[in-house]
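What you see is a predicted model, and the numbers here were worked out from it, not measured in a lab. Proteins come first, then strands; the chains are lettered A, B, ... in the order of their sequence lines, and each starts at number 1.
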2 protein chains.
Amino acid sequence: MSLKTASRVLNGEPNVATATRERVQDAAASLGFRRNAVAADLARGGLSRLVGFITGDLANEFYSALASGIERELREHGLQLLTASSDEDPEREASLTGELIERRVGALIVTPAGADHSALRGEIAAGLPVVVVDRPAAGMDADTVVIDNRGGTRAAVAHLLAHGHRRIAFVGDEPHLWTYQERSDEFLAALREAGVADAERWVRSGAHDAAAARDLVLELLAAPEPPTAILAANNRATVGTLQALRDTPGGDQVAVVGFDDFELADLLGITVVAYDAVEMGRRAAELAVARSADPDRTVEQVVLPTRVVPRGSGERPPR
Amino acid sequence: MSLKTASRVLNGEPNVATATRERVQDAAASLGFRRNAVAADLARGGLSRLVGFITGDLANEFYSALASGIERELREHGLQLLTASSDEDPEREASLTGELIERRVGALIVTPAGADHSALRGEIAAGLPVVVVDRPAAGMDADTVVIDNRGGTRAAVAHLLAHGHRRIAFVGDEPHLWTYQERSDEFLAALREAGVADAERWVRSGAHDAAAARDLVLELLAAPEPPTAILAANNRATVGTLQALRDTPGGDQVAVVGFDDFELADLLGITVVAYDAVEMGRRAAELAVARSADPDRTVEQVVLPTRVVPRGSGERPPR
DNA sequence: CTGTTAGCGCTTTCAA
DNA sequence: TTGAAAGCGCTAACAG
């Protein structure tokens with residue numbers, strides 16, 4: 001029989017006699033035959049059934065939640081996930097982008113590390129479906145999934161204000177990150193609207209890991225007029241803040257709200273601004289699939305909601 | 001000029017005149033040319049520069065730590081990571097294995113879900129480098145990376161015994177898991193050697209998630225003769241145990257040692273049996289690469305050490 | 001329902 | 001140093 005007939009059977013195409021079909025299947029099974037998806041994709045015109053995901057650090061629970069959501073959604077569409085970590089390094093990000101494109105991924109999902117997205121822009125222009133997650137890529141017309149950073153920050157500050165706080169500190173990541181910008185901006189705006197003078201003095205940056213956050217908070221607490229409440233602007237900042245409070249006499253009096261939920265927040269009684277990272281990934285994958293199917297659809301900007309989950313630490317009154 | 005010359009330049013092969021080389025590079029740049037890794041791999045004889053990783057659940061921090069270690073090591077060898085989640089379902093695992101093989105991965109790294117590894121065995125026989133992580137696959141001659149479950153358990157029990165405990169409970173995952181077997185076996189052995197009668201009565205299973213663990217521990221604590229110490233046999237069991245202790249009067253008197261370290265264990269003062277999951281992944285990738293290079297090397301069984309990290313919860317004396 | 005022919009974009013001989 | 005030809009394993013288009 002011909003090659004083509006076998007191909008038809010193996011691809012589940014119609015128009016094959018049942019007898020022939022069975023013959024092929026038997027042969028394939030007994031020979032341990034496996035179709036070659038690489039060759040198939042090539043013949044079909046280049047694109048593979050792979051979707052690339054370029055992320056800061058797979059070991060970070062936020063990114064792995066994203067990856068999990070992405071993978072789950074892709075699976076529904078018969079697509080596979082190709083992961084690469086940029087270590088938040090823009091240069092690595094660019095080279096990984098190149099590698100994935102050479103692998104002919106059908107789409108790319110990225111949490112952009114740097115500010116320069118010229119590489120990505122070119123690919124989009126060349127027709128590659130690109131979805132940007134967590135942080136929009138400035139000046140790029142790409143599908144985007146972010147959370148409502150401003151709304152979440154606003155709600156957190158309102159929560160603390162409602163509990164009587166005025167001296168509220170903000171402990172954030174690196175200032176060049178978009179999420180930092182959004183959150184700190186909104187923090188300042190909310191404080192000013194509440195009539196807090198000199199709001200800037202309460203903002204700290206550089207809490208890229210727990211240790212750095214801890215130091216920042218220790219410093220804040222040692223000042224002549226320490227804050228009565230702290231908004232920790234990401235999960236690592238929250239950990240560092242908690243460490244600092246533990247190590248400071250009276251630290252358990254200070255109110256804390258953390259941005260990003262985490263598994264043990266419940267156990268620790270930490271009030272947080274929560275959102276669904278797995279869902280973020282799922283939505284991103286959905287957009288990637290949609291754009292692959294229809295390159296001309298209008299660009300979509302998905303903003304996922306956040307909510308304040310009160311668990312005790314954010315409801316302490318000011319000392 | 002010929003196709004081949006261009007190919008040589010793009011692959012950095014020697015024997016090209018500098019002038020020609022430059023001409024090709026300019027052309028490639030101005031045309032936005034990208035080589036097609038899919039076609040290249042096909043022409044080169046089938047195998048792609050991809051390594052597959054089949055894991056239980058990417059969102060679980062243990063697996064994502066593995067993935068991170070794997071990815072980092074593969075990168076060193078110019079390989080890319082293709083991830084797939086089995087949801088701990090043996091059937092899904094088998095079908096994913098098939099998909100990855102059709103994608104012509106150069107090697108496969110697996111945390112086997114079920115007990116039946118016939119599919120994998122066939123692939124190994126067919127020459128596919130397979131590395132098994134976290135749990136050995138019974139009856140298979142595959143490279144393996146596991147931690148010293150027995151040693152870790154033994155050390156944890158010794159730690160609790162040394163602090164005067166005799167009524168020590170074991171809260172573990174599903175009994176069919178290899179890690180459960182190892183840990184519970186060794187737990188029983190250690191208890192018996194210490195002269196604890198009727199050791200089996202202290203063993204509980206089914207703590208596959210925190211909620212289940214919590215219920216198990218609540219039950220233990222409500223018994224007429226409650227344990228004075230608990231060995232939580234995985235990270236979710238630890239969380240559930242802590243929840244149960246929080247919700248039980250006097251629960252803060254009960255000693256706890258958790259298997260698996262976690263970020264907030266330090267903050268919570270939880271004594272744990274720790275090991276390096278990222279390193280596990282790295283070693284697995286290393287083995288995968290080594291076997292790809294030399295299919296005939298002897299099968300290697302890597303056992304990574306564990307260590308007890310005392311942080312307070314495991315040092316409480318019996319009530 | 002089945003087969004033939006021509007590629008997909010690259011690499012690998014081997015020859016010039 | 002360069003090039004021509006063959007083919008990796010498959011599919012798409014068209015015949016039979």
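- Residue pairs meeting the salt bridge (Lys or Arg N to Asp or Glu O under 4.0 Å) criterion with at least one member in residues 20-32 of chain A, sequence neighbours excluded, do not occur.
- Overall bending of the helix from C/dC1-D/dG16 to C/dA16-D/dT1, expressed as the angle between end axes built from five pairs apiece, is 30° (10° steps).
- A salt bridge (Lys or Arg N to Asp or Glu O under 4.0 Å) check over residues 90-105 of chain B, counting only residues at least two apart or in different chains, returns the pairs A/Asp41-B/Arg103.
- Side chain of B/Thr144 to main chain of B/Ala142: a donor-acceptor pair is present (N/O by atom type, distance under 3.5 Å, no hydrogens or angles).
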Distance-only donor-acceptor pairs under 3.5 Å for side chains of residues 120-131 of chain A, two or more places apart:
unit_1: A/Glu123; atom_1: OE2; unit_2: B/Arg34; atom_2: NH1; d: 2.4

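- Looking at residues two or more places apart in sequence or on another chain, you find a salt bridge (Lys or Arg N to Asp or Glu O under 4.0 Å) between B/Asp173 and B/Arg236.
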Would you give a per-nucleotide map of nucleotides 6-16 of chain C, 5' to 3', where B means the base has a protein non-hydrogen atom under 4.0 Å away, S means only the sugar-phosphate does, and - means neither? -BBBBSB----
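- Distance CZ (B/Arg103) to P (D/dC10): 13 Å, rounded to an integer number of Å.
- For the ring-ring contact (aromatic ring centres under 6.0 Å, His included) test, no residue two or more places apart in sequence or in another chain qualifies with A/Phe62.
- Between B/Thr5 and D/dG3 there is a side-chain N or O to OP1 or OP2 distance below 4.0 Å.
- For B/Val289, the side chain to side chain contact (heavy atoms under 4.5 Å, CB included) partners two or more places apart in sequence, or in a different chain, are B/Leu74, B/His77, B/Leu79.
- The ring-ring contact (aromatic ring centres under 6.0 Å, His included) check on B/Tyr180 picks up B/Phe170, with sequence neighbours excluded.
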